[in-house]
Amino acid sequence: MSRYQHSEELLTRALQTIPLGSQTFSKSKTQFPEGASPFFLEKGKGSKVWDVDGNEYIDFMNGLLCVSIGYADDEVNNAVCTQIQNGTSFSLPHRLEMEVAEKLVEMIPCAEKVRFGKNGTDATSGAIRLARAYTNKEMILVCGYHGWQDWYIGSTSRNLGVPESTRALTKTFVYNDIESLKRLTALYKGKVAAIIMEPMNVEFPNPGYLESVQQIAKEEGIVFIFDETITGCRFAKGGAQELFNITPDLATFGKGLANGFPLSAVVGKSEIMDLMEDIFFSGTFAGETASLAAAKVVLEKVEKLDTPTALRKTGEYLLTNLNKLIIDLECQSFLKTAGHPSWSFLMIQDTEPYSSFEIKTLFMQEVLQRGILTFGTHNISYSHSVEDIDTLLSCYKQVFPILKEAIETQTVKEKLNCKVLQPLFKVR
Ligand SMILES: Cc1ncc(COP(=O)(O)O)c(C=O)c1O
């Protein structure tokens, strides 16, 4: 019997009613090798999750970084339970909206005013509309991933269904390559409303890079937006803008803001944010109080426990030992690490005669089998302990030699119990 039998049955069933079998692209069968992966989780506590077959994992995906404190955190859940006894969505605003807004203004350097949404996409799309309204210009320059709305996704290879006229308004620049941004601002001089970027994803910013981007935005009268959907409350209490000491005009937050409850926020300078009263940015559930109650506890924990420092330390312990392991096991030709310690990546390289996807499929088959849930990222939560990291490292210690041997003896495909993952559209 397959270790993932029930998962596989549920996937077959889900596909009858749910395209992709998932609500989220990165949680779908596109990312997990069929035959060697779980497809459904049942529950989680702290750093651990259990799939529908009862297999236990240490989770290094953490709901795509929305679980920032840990699964089913008692204090967050108590606050949510108390709130839902009193009602969740109301007919008028609730005081939690201003309490959480005030906290964000206190913590985030660029935040003078705040509006909430549910998904990160709500926040990035709100920020873009604000920038267009503020500048009365239409072009948008992007760097990183910013969600599923037309204005952004139209600029990627997943642009099916996005009008050509919308696609023409968004252009991509390359991270850490200031010339690529300069070329675009010269080409579209006087037409650019916003520069929106992840302040960091895979690579650290080169010295002076973010400062130069900000300078260009300033000189050209462009609204400068940091998309901190992931980095917010993770890289520092005030997000990447605090860590890198760059204060953008606007910033967007989401993911870990409420430890898995749905909440996002657009924050920024009053002069721009006040235009929220004139544009249309509105949602029935944007002031939903269970998520705001969760966020209030999360932000208290971020402040009082200094969770960003804890995440960084846990991640540094992992990266130091992982880099050493890659060298000790002589895997440098196909493995390397990247990213910030709190959100790091094991990068698998194409290695003749194999594509990185073929090697990654074997990697996932082997780590999932050993109770580690990852597709190559280490999304650290406050619940990850040193023991969890040691367990991950000892799993890698077993798996890396399997990969190395399979590459050297050209037996990667023979070792697979599953279909090879397909190359996907790349946004980072
Ligand atoms: C940097 C960044 N921006 C925006 C988004 C979109 O957020 P959501 O999926 O909550 O709409 C994501 C999601 O992965 C993200 O990583």
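For ligands, and for the atoms within them, numbers begin at 1 and follow the listed sequence.
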Scan the side chains in residues 245-256 for donor-acceptor partners under 3.5 Å anywhere in the protein, sequence neighbours excluded, and list what turns up.
unit_1: D249; atom_1: OD1; unit_2: K269; atom_2: NZ; d: 2.8
unit_1: D249; atom_1: OD2; unit_2: F224; atom_2: N; d: 2.8
unit_1: T252; atom_1: OG1; unit_2: D227; atom_2: OD1; d: 3.1
unit_1: K255; atom_1: NZ; unit_2: L64; atom_2: O; d: 3.1

Report, one line per pair, each donor and acceptor closer than 3.5 Å where one atom sits in a side chain of residues 363-370; sequence neighbours left out.
unit_1: Q365; atom_1: OE1; unit_2: N417; atom_2: N; d: 2.7
unit_1: Q365; atom_1: NE2; unit_2: K415; atom_2: O; d: 2.9
unit_1: E366; atom_1: OE1; unit_2: R370; atom_2: NH1; d: 2.9
unit_1: R370; atom_1: NE; unit_2: Q398; atom_2: OE1; d: 2.8
unit_1: R370; atom_1: NH1; unit_2: E366; atom_2: O; d: 3.0

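Side-chain N or O atoms of R167 include none that pairs as donor or acceptor with a backbone N or O of V162 at under 3.5 Å.
With sequence neighbours excluded, the residues that form a side chain to side chain donor-acceptor pair (under 3.5 Å) with S47 are D388.
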Side chain to side chain contact (heavy atoms under 4.5 Å, CB included) assessment of F39 paired with E34: CA-CA 9 Å; F39 291 103; E34 269 184 89; 3.6 Å; yes
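The aromatic rings of F60 and H384 lie parallel to each other, their planes meeting at an angle below 30°, with 60° marking the opposite boundary.
Enumerated by chain and number, the residues approaching ligand 1 to less than 4.0 Å through a heavy atom are N119, G120, T121, Y145, H146, G147, E198, D227, T229, I230, K255, R428.
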